[in-house]
Protein chains: 2
Amino acid sequence: MSEGAGTGVHIVQGYSIKQTSELTGITEDTIRYYEKIGLLPRAQRKGNSHRIYSDNDIETMKLITCLKKTGMSLDDMRPYLDLSLDSNLSEYPELHEMILNHKQKILDQIASLQQIVDLIDSKIDQNYLGPQECVLTGDQKKMPVRRTIR
Amino acid sequence: MSEGAGTGVHIVQGYSIKQTSELTGITEDTIRYYEKIGLLPRAQRKGNSHRIYSDNDIETMKLITCLKKTGMSLDDMRPYLDLSLDSNLSEYPELHEMILNHKQKILDQIASLQQIVDLIDSKIDQNYLGPQECVLTGDQKKMPVRRTIR
DNA sequence: AGTTGACTTGGAGCTGACTCCAAGTTATAC
DNA sequence: GTATAACTTGGAGTCAGCTCCAAGTCAACT
């Protein structure tokens, strides 16, 4: 069912897009879409066409899934993917700061989520003390939706 | 600039959509949109047309903003809004279970976010120990889109 | 009476993130 | 050598969640 089956042993060194889809839980279409929008680098090709993926690629895709779970947009996660490929963060102070910034946002998001949990708990316990607001640090929404020109 | 200004004292008992927009940070268009899709109940009207909102409505809208920050879809947050209006949760065991379910998801999401923070920290500290996976409890994506209630 | 301004409705348009499809290529199976 | 399967590309369609707009109403001021 997988590689190494049959007589002609094809040591292909890497996963097909189908295998990759199964390993990551991301559909083939979506993987191609991520490549199309440049979220993933252009995959290596076999023969003249078929994509092949490495374990490293798999990890990157899993990271995407993970980041998506946190509600991050595909655009916002680009720096994280770079981070995951390139280890020398301190060489790019701009990126470094951006990451720190994003970390704070995530911490805020955790606080926000915690408040929801508190709200739920208070409702469930019947000990509701009135609305306690989602106070969070100001309006951190998504960045001013700069619609440039029109 | 606000109510009570001028000679004709209009004790209107409630906020205009503009004031509501300012108080909640949600645009007028979006407030009307929420009403249109039934996320908010049809607002009370003044004269023959203009919407008026109460402090309670404001709170509901703030809750929406709060839930949105956690990445929840408008559809998924309907039960929470009901929860916010009606206090007797235990009377609806179905909703109760749904909420508990959602709470667990949020806890998972917090764990997921915490892992991202850890990833960032490890990168920043240069003490990166290799990818530690976003292990999380299986594939919890969006919840079977129960459109039953209403 | 006319202008202003805050609102109304209905509907079109837009962005992000897919998802689906048609037509074509290439490899292997029979 | 032809059918089948796994892939390719390009582009169209879909859905959520807004966002924008035109045309109209209504009250208040000048």
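We use all heavy atoms of the structure for the numbers below, so side chains are in, but hydrogens, waters and symmetry mates are not. Quick note on labels: first sequence line is chain A, next is B, and so on, each numbered from 1.
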Checklist entry - Within the structure shown, what part of the strands sits under 4.0 Å from Ile17(B) by heavy-atom distance: base, sugar-phosphate, or nothing? => result sugar-phosphate
Checklist outcome for this item: Reading nucleotides 20-26 of chain C from 5' to 3' and marking B where a protein heavy atom lies under 4.0 Å of the base, S where only the sugar-phosphate is that close, and - otherwise, the string is B------
Checklist entry - Lys46(A) NZ to dC7(D) C1': how many Å, rounded? => result 9 Å
Checklist outcome for this item: Between CG of Asp75(B) and C1' of dG17(D) the distance, given in whole Å, is 11 Å
Checklist entry - Where the side chain of Arg45(A) is defined as all heavy atoms beyond and including C-beta, which of dG17(D), dA6(C), dT9(D) is the nearest nucleotide? => result dT9(D)
Next on the checklist: How many whole angstroms separate atom OH of Tyr53(A) from atom P of dA6(D)?
Outcome noted: 17 Å
Next on the checklist: Starting the side chain at C-beta, find the nucleotide from dC7(D), dT19(C), dA6(C) nearest to Glu28(A).
Outcome noted: dC7(D)
Checklist outcome for this item: Rounded to whole Å, the CG-P distance (Asp76(A) to dT15(C)) equals 17 Å
Checklist entry - Who passes side chain to side chain contact (heavy atoms under 4.5 Å, CB included) against Gln44(A), sequence neighbours left out? => result Ile52(A)
Checklist entry - Of all residues at least two apart in sequence or in a different chain, which pass the salt bridge (charged side-chain N to carboxylate O under 4.0 Å, His left out) check with Asp29(B)? => result Arg32(B)
Checklist entry - Taking it one step at a time, do Asp55(A) and Glu59(A) satisfy side-chain contact (heavy atoms from CB on, under 4.5 Å)? => result CA-CA 6 Å; Asp55(A) 288 313; Glu59(A) 287 314 313; 5.7 Å; no
Checklist entry - With sequence neighbours excluded, what pairs up with Lys103(A) under the side chain to side chain contact (heavy atoms under 4.5 Å, CB included) test? => result Leu107(A), Val117(B), Ile120(B), Asp121(B)
Checklist entry - Taking the side chain of Ser16(A) as heavy atoms from C-beta outward, which of dC7(C), dG17(D), dC7(D) is closest to it? => result dC7(D)
Next on the checklist: So, using side-chain hydrogen bond (donor to acceptor under 3.5 Å, both in side chains) as the criterion, who are the partners of Ser54(B) when residues are at least two apart?
Outcome noted: Asp57(B)
Checklist outcome for this item: By salt bridge (charged side-chain N to carboxylate O under 4.0 Å, His left out), Arg45(B) pairs with (sequence neighbours left out) Glu35(B)
Item to check | Listed nucleotide nearest any side-chain atom of Arg51(B), set dT19(D), dT8(C), dT9(D) | outcome: dT8(C)
Item to check | Lys68(A) side-chain proximity, nearest of dT19(D), dT8(C), dC18(C) | outcome: dC18(C)
